[in-house]
Amino acid sequence: MTRTDCDSGDDALLEPLGGMVLYPVPESVGRARRWFRKFTEPHQLGCSIDDCVLMVSELVTNAILYGEADEPWRVRVRWYRLGEALRVDVHNPGCRAHVRLRSPRATEAHGRGLLLVDALADEWWSGPSRHGGTAVVFVMHRAFKPG
């Protein structure tokens with residue numbers, strides 16, 4: 001399921017769990033994977049951590065490749081609990097990017113990140129970031145035990 005509005009309307013119900021601010025350099029992708037895995041481990045998520053790590057990796061890569069600003073900038077990753085769901089937001093600065101699914105040819109090296117997110121997430125969307133620029137969000141339903 002995809003949407004194009006980054007404001008889910010449920011923001012008041014979000015329970016912040018963690019986040020990171022990354023430099024827009026290739027090394028930040030590996031750092032994002034490691035930190036996300038480490039900082040979500042205590043929550044014993046019921047969804048696939050490997051799938052979440054892959055989606056974080058793809059979205060951080062896209063933020064680094066497509067984010068732009070006139071001044072020094074950072075990529076922001078935040079994750080939240082929303083009832084039983086896990087929500088992850090990846091923000092990049094600059095002009096609002098046109099986020100879209102692509103159909104890359106087999107010979108193309110890029111263009112599959114959002115296809116992976118679309119296949120793995122229960123829902124995802126993109127829209128203006130509250131930090132300026134663009135945010136891409138994915139949600140995993142039933143990531144937490146009811147309680």
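Owing to the predicted nature of the structure, the values given are computational and were not obtained by experimental measurement. Keep in mind that the numbers below use all heavy atoms, side chains included, and drop hydrogens, waters and symmetry copies.
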Undergrad: For Trp35 and Val77: C-alpha separation, side-chain torsions, deciding distance, then whether side chain to side chain contact (heavy atoms under 4.5 Å, CB included) applies.
TA: CA-CA 10 Å; Trp35 286 357; Val77 182; over 6 Å; no
Undergrad: Once you round to the nearest 0.5 Å, how far does OG1 of Thr134 lie from NE2 of His91?
TA: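 Here the interatomic distance stands at 10.5 Å.
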Undergrad: Specify the closest pair of heavy atoms between Cys47 and Ala143, including all atoms of both residues, with the distance to one decimal.
TA: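 Closest approach of Cys47 to Ala143: SG-CB, 3.7 Å.
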Undergrad: In terms of relative ring orientation, are Trp79 and Phe39 parallel, tilted or perpendicular, with 30° and 60° separating the classes?
TA: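 Plane angle under 30°, so parallel.
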Undergrad: In Å, rounded to the nearest 0.5 Å, how long is the span from CD1 of Ile49 to CZ of Arg33?
TA: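 So the CD1 of Ile49 and the CZ of Arg33 are separated by 15.0 Å.
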Undergrad: Take His43 and Leu86 through the test side chain to side chain contact (heavy atoms under 4.5 Å, CB included) and record every step on the way to the result.
TA: CA-CA 11 Å; His43 299 286; Leu86 171 70; over 6 Å; no
Undergrad: Going by heavy atoms in the side chains, are Leu54 and Leu120 under 4.5 Å from each other?
TA: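 Yes, side chains in contact.
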Undergrad: Looking at every non-hydrogen atom in both residues, tell me the closest pair between Met20 and Phe36 and how far apart they are.
TA: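 Nearest heavy atoms, Met20 then Phe36: CE-N, 3.8 Å.
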Undergrad: Taking the side chain as C-beta and beyond, is there a heavy-atom pair between Met55 and Leu116 under 4.5 Å?
TA: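 With C-beta onward as the side chain, the pair stays apart.
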Undergrad: Give the intermediate values and the outcome of side chain to side chain contact (heavy atoms under 4.5 Å, CB included) for residues Arg87 and Leu14.
TA: CA-CA 9 Å; Arg87 173 177 158 170; Leu14 291 175; 3.7 Å; yes
Undergrad: Would you find a donor on one side and an acceptor on the other, under 3.5 Å apart, between the side chain of Asn92 and the backbone of Val75?
TA: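 Side chain of Asn92 to backbone of Val75, a donor-acceptor pair under 3.5 Å: no, none is there.
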Undergrad: Is the closest side-chain heavy-atom distance between Glu58 and Val56 below 4.5 Å?
TA: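 Glu58 vs Val56: side chains apart.
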Undergrad: Are any of the side-chain nitrogens in Arg76 or Asp89 under 4.0 Å away from the carboxylate oxygens of its partner?
TA: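 No, this pair does not count.
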Undergrad: Find out whether Arg78 and Val137 are in side-chain contact, i.e. whether some heavy atom of one side chain is under 4.5 Å from a heavy atom of the other.
TA: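 The answer is no, as the side chains (C-beta and beyond) never meet within the 4.5 Å cut-off.
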Undergrad: For Val88 and Leu59: C-alpha separation, side-chain torsions, deciding distance, then whether side chain to side chain contact (heavy atoms under 4.5 Å, CB included) applies.
TA: CA-CA 10 Å; Val88 179; Leu59 294 179; over 6 Å; no
Undergrad: So do Met140 and Glu123 actually touch side chain to side chain, heavy atoms under 4.5 Å?
TA: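 No - every pair of side-chain heavy atoms lies 4.5 Å or more apart.
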Undergrad: Could you tell me the separation between the NE2 atom of His141 and the CD atom of Glu84, rounded to the nearest 0.5 Å?
TA: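 These two atoms lie 10.5 Å from each other.
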Undergrad: Under a 3.5 Å distance rule, please check whether Ser57 uses its side chain to pair with a backbone N or O of Val53 as donor and acceptor.
TA: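 Not a single qualifying donor-acceptor pair exists.
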Undergrad: Going by side chain to side chain contact (heavy atoms under 4.5 Å, CB included), Ile64 matches just one of Thr61, Asn62, Val60. Which one?
TA: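 With Ile64 as partner, side chain to side chain contact (heavy atoms under 4.5 Å, CB included) holds for just one option, Val60.
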Undergrad: Do Tyr80 and Leu82 have side chains that get closer than 4.5 Å, going by heavy atoms?
TA: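 Sidechains of Leu82 and Tyr80: no contact.
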Undergrad: Look at the side chain of Ser28 and the backbone N and O of Pro24, then say whether any donor-acceptor pair between them is shorter than 3.5 Å.
TA: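 Not a single qualifying donor-acceptor pair exists.
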